[in-house]
Amino acid sequence: MSSMTLLDWAILVGKCVITTLIMLQIAPIMAWVERRGSALMQNRLGPNRIGPFGLLQSLCDGVKFIFKEDPVPGHVNAFYYVLAPLVSLVPAFMTFAVIPWAAPLELGDRTITFQVANLNVGLLYIFAIASLGVYGIIMAGWASNNKYSLLGSLRSSCQMISYELSMGLSVVGILMVFSSVNLTDIALAQGQTLLQLGPVAIPKWGFFVQPLGFLIFCTAAFAETNRLPFDLPEGESEIVAGYHLEYGSMKFAVFMMAEYVNMFTASGLMATLYFGGFQLLPGMSQLHEAIGGGAGIMAALQAASFFAKVAFFMWFFVWVRWTLPRFRYDQLMDLGWKVMLPLSLLNIFLTGALMYAKVI
Amino acid sequence: MLIKNKTGFFQRFYLVEILKGLAITKKHFLKNLFGKTVTIQYPEERRQYSDRFRGMHYIKATNGVENCTACMLCPTVCPAECIHIVAGERPDKEKYPVKFEIDVLRCCFCGMCEEACPKDAIKLSTIYEMSVAQRTVYTKDYLLEQRGNK
Ligand code: SF4
Ligand code: SF4
């Protein structure tokens, strides 16, 4: 890109740094939310000793992880053993690059997009990169040279492949409705009004045109991120800690971080595809008019709406985890292949029929 | 044995049941977030036990002199046989315990010594934090610290 000026580069680098910093904060914050949240749901208090509300607990955990002894066990394949955590973390970071946090902003002759890369194949890129994450898990299981690790990673890859299918098919409905794979276009298209019920305008958010698709996508997202009720890759009573059994210290922390970053990306996707992405939350457009803000304020409000939606879905992940018991392995496969797959195919036909009838 | 539970038609879709479950956890979450949790923050807060709680022993003293007259009723009644007394005589011919030891690891905190004592001397206080790093035998000096108000 020879046409990029120094300012363009500065903006790009700035966006990269900001995105990376946000992602790095996810794991400690979510670890805290998860502990305190689960504790409150179970009538406990959770960690509340260090710092206000126990907020510094995650910091202490980080310090502990860094200073722990970090041995490479003698029986592992050292190269792949060290590589595996990175292979699972890097794709998790990369996927978020194309999710927009606010509508493109026109500043003079320059258009600033609020994502690292505004790819016109955004959604396909996400699916392509996200499926790389499974290699990290397989690698970890294989390199650990331990039967429990191997079984855990086999389960994990099996589960991910099965659910990726229905996940991919469930977004086809969205692609049909909005006729684009560019995430910014999809989010912008959701600003239209679907139904006007008196004073209440129901926006054309993905959820309202694709409720079944959202259900499938959401369930598959849980399976893709290995979260409960689909956390089969680990199982204390069957395969101990699964694929990260042989890992300790910071290498283990990297796996945990990858899980949280994956959750963040999945939440971002759910918000972008089904809940209007950066479209303002109800009431925010009135607020914008009231304070009479310009385009800059608008972008800030959009980013706030986006992150509020993402935060809700992050919380939803935690909420579900502490509500549902886990599935048995065969039940998991049953659900994936016998329920989710046919349903996602049905969703495509349904969407097609509704579009033909000009309902959506 | 395979136990088949009958599931209703709607239960088989999971969804309704999942929503019900989410409602339950949300209820608990909000209750504990805004209300008061039952947890006692131990080192700062302590549970209030009744005055009849049987904890660490002490020997009551009047004007700095122990009430005990070494009558040997408490070592006799003690089911754990953990009280060891050596009796002596004061210049004014009054009997008193030269040595009064309780091997507290054997004690079962039944409170029989307290009940048997005719002089209101041995008492069990409400102190329950008694963990120590080595085997302990409470000596007379230690027992004479006035730990309660019984
Ligand atoms: S409390 Fe019971 S066991 Fe303990 S010293 Fe008194 S009589 Fe013996
Ligand atoms: S029963 Fe009372 S008076 Fe008698 S020896 Fe024991 S403590 Fe002393």
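Note on naming: letters A, B, ... go to the chains in the order of the sequence lines (proteins, then strands), and numbering restarts at 1 for each one. Heavy-atom basis, side chains included; hydrogens, waters and symmetry copies ignored.
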Top contributor to chain B contacts, counting heavy-atom pairs under 4.5 Å, from A:Gln42, A:Arg36, A:Arg49, A:Arg44:
A:Arg49
Which atoms of A:Val339 approach chain B - backbone, side chain, both or neither, heavy atom under 4.5 Å:
neither
Go through the atoms of A:Leu324 and report whether side chain, backbone, both or neither lie under 4.5 Å from a heavy atom of chain B.
side chain
Is a side-chain N or O of A:Trp319 found less than 3.5 angstrom from the main chain of B:Leu22, in a donor-acceptor match?
yes
For the atom pair OG1 (B:Thr25) and CG (A:Leu40), what is the distance rounded to the nearest 0.5 Å?
12.0 Å
Distance from A:Asn43 atom CG to B:His28 atom NE2, nearest 0.5 Å?
5.5 Å
Got a sec: does the [atom1] of [X] have more than 12 other heavy atoms crowding it under 6.0 Å?
X	atom1	answer
B:Asn63	CG	no
B:Arg90	CZ	yes
B:Lys140	NZ	yes
B:Tyr42	OH	yes
B:Glu81	CD	no
A:Tyr329	OH	yes
B:Glu129	CD	yes

Could you tell me whether the side chain of B:Gln41 reaches within less than 4.5 Å of the side chain of A:Asn48, counting heavy atoms only?
yes
Could you tell me if the side chain of B:Ile24 sits less than 4.5 Å from the side chain of A:Thr323, heavy atoms only?
no
Interface moiety of B:Lys27 toward chain A, non-hydrogen atoms closer than 4.5 Å:
neither
